[in-house]
Amino acid sequence: MAASQQLVRTLLTLSAEVVRRELPEIVEFNKLESRTAEEALAELVSELGIVYVTALTRQGCSGCETQKPLFRTLAEKMSRENPEKIRFRSYHVNYQDGNKGESWNSKRIFGHAAYPTYIIHVKSHVGPLEIYRSVYPLMEELEKQIKESFELAEFYKVEAETAARSRTGEL
């Protein structure tokens, strides 16, 4: 009996781990480096009505390490409150042995100057739109900007639906 209870407990633990999504979603930057800036942003900001919050971090960046747990806490909190309206991602740039290639590619794609940089995007009928960008912001400021972006995401979703209807002659 004890063995079967342990098996059930183990299976429940494993299933919870499989279903749980990591917040923020951690993405190695090298998955994007061969793309143009336009392609990367279109992939990153893919759905209407969603606020996309992106952290750009780099290996060996002390500010990135300081903010990492703060960003994770914010991502968990806001994702619980608005699960269908927000996506958090962290693009991690490798920076080893003086090899600055990924860092320069990150700057080419995202146009940022330093690490950690946080960017908020929403999608519109004309493509991804940047709402906010900051280097090393207070998490309270980032949270405020995210909350203000929900209304814009919804506005652009409605605008895209209206534009699509007008193209098909439904208006």
Flag side-chain contact, heavy atom, 4.5 Å: T117 against F110:
no
Just by distance, do the side chain of R35 and the backbone of E43 share a donor-acceptor pair under 3.5 Å?
no
Is it true that K147 and E143 have a side-chain N and a carboxylate O under 4.0 angstrom from each other?
yes
Any I120 side-chain heavy atom under 4.5 Å of L142 side chain:
yes
Counting only heavy atoms not in E84 (residues, nucleotides, ligands), do more than 12 fall under 6.0 Å from its CD?
no
Kindly compute the distance separating OG (S90) from NZ (K68), expressed to the nearest 0.5 Å.
7.5 Å
Determine, using the 4.5 Å side-chain heavy-atom cutoff (strictly less than), whether W104 and V93 are members of one ILVMFWY cluster.
no
So, E141 side chain and L138 main chain: donor-acceptor pair closer than 3.5 Å or not?
no
With hydrophobic residues grouped by side-chain heavy-atom distances under 4.5 Å, do Y156 and F150 end up in a single group?
yes
Where does the angle between the aromatic ring planes of F88 and F71 fall among parallel (under 30°), tilted (30 to 60°) and perpendicular (over 60°)?
perpendicular
Closest heavy-atom pair, L129 versus V126, reported as atoms and distance to 0.1 Å, is CD2-CG2, 4.3 Å
Side chain proximity check, Y91 to E102, heavy atoms < 4.5 angstrom
no
Exercise: do T73 and K77 side chains pair donor with acceptor under 3.5 Å
no
Would you mind reporting whether P24 and I26 have side-chain heavy atoms less than 4.5 Å apart?
yes
Are L32 and L44 packed together at the side-chain level, in the sense that at least one heavy-atom pair is separated by less than 4.5 angstrom?
no
Using every non-hydrogen atom in the two residues, find where A114 and V135 come nearest and quote the distance to one decimal.
CB-CG1, 4.0 Å
Taking 4.0 angstrom as the limit, do R80 and E76 come out as a salt bridge?
no
Is there a path of hydrophobic side-chain contacts, each under 4.5 Å between heavy atoms of I/L/V/M/F/W/Y residues, joining Y95 to L56?
no
State the OG-NE2 distance between S106 and H112, to the nearest 0.5 angstrom.
2.5 Å
If hydrophobic clusters are built by linking Ile, Leu, Val, Met, Phe, Trp and Tyr wherever their side-chain heavy atoms come under 4.5 Å apart, do V53 and L70 end up in the same one?
yes
Minimum-distance pair of heavy atoms, taken over all atoms of L23 and A75:
CD1-O, 4.0 Å
Compare every heavy atom of V45 with every heavy atom of H121, then report the nearest pair and how far apart it is.
CB-CG2, 3.4 Å
Are more than 12 heavy atoms from other residues, nucleotides or ligands located less than 6.0 Å from atom CD of E151?
no
Backbone of L48 reached by a side-chain donor or acceptor of K157 within 3.5 Å
no
Drop me the distance from I119's CD1 to E130's CD, to the nearest 0.5 angstrom.
5.5 Å
Identify the two heavy atoms, one from G111 and one from R133, that lie closest to each other, and give their separation to 0.1 Å.
O-NH1, 3.2 Å
What verdict does the side-chain contact (heavy atoms from CB on, under 4.5 Å) test give for S46 and Y52, after you've listed the backbone C-alpha separation in whole Å, the side-chain angles of each residue and the deciding distance to 0.1 Å?
CA-CA 9 Å; S46 59; Y52 292 89; 3.6 Å; yes
About how many Å separate CG of N94 and NZ of K100, when rounded to the nearest 0.5 Å?
15.5 Å
Can you get from Y136 to L74 by hopping between Ile, Leu, Val, Met, Phe, Trp and Tyr side chains that sit under 4.5 Å apart?
no
Are R87 and E47 close enough, and set up right, to give a side-chain contact (heavy atoms from CB on, under 4.5 Å), and what steps lead you there?
CA-CA 10 Å; R87 301 285 185 281; E47 294 178 57; 3.7 Å; yes
Kindly determine whether Y132 and I146 satisfy side-chain contact (heavy atoms from CB on, under 4.5 Å), including the steps that lead there.
CA-CA 9 Å; Y132 172 82; I146 292 166; over 6 Å; no
What distance separates R89 CZ from E25 CD, expressed to the nearest 0.5 Å?
5.0 Å
Could you tell me whether the side chain of V122 reaches within less than 4.5 Å of the side chain of F155, counting heavy atoms only?
no
Heavy-atom nearest pair, T57 first then Y115, reads C-CD2, 3.7 Å
Determine whether the side chains of Y118 and Q67 contain a donor N or O and an acceptor N or O closer than 3.5 Å.
yes
With rounding to the nearest 0.5 angstrom, report the CD1 to OG distance, I131 to S149.
5.5 Å
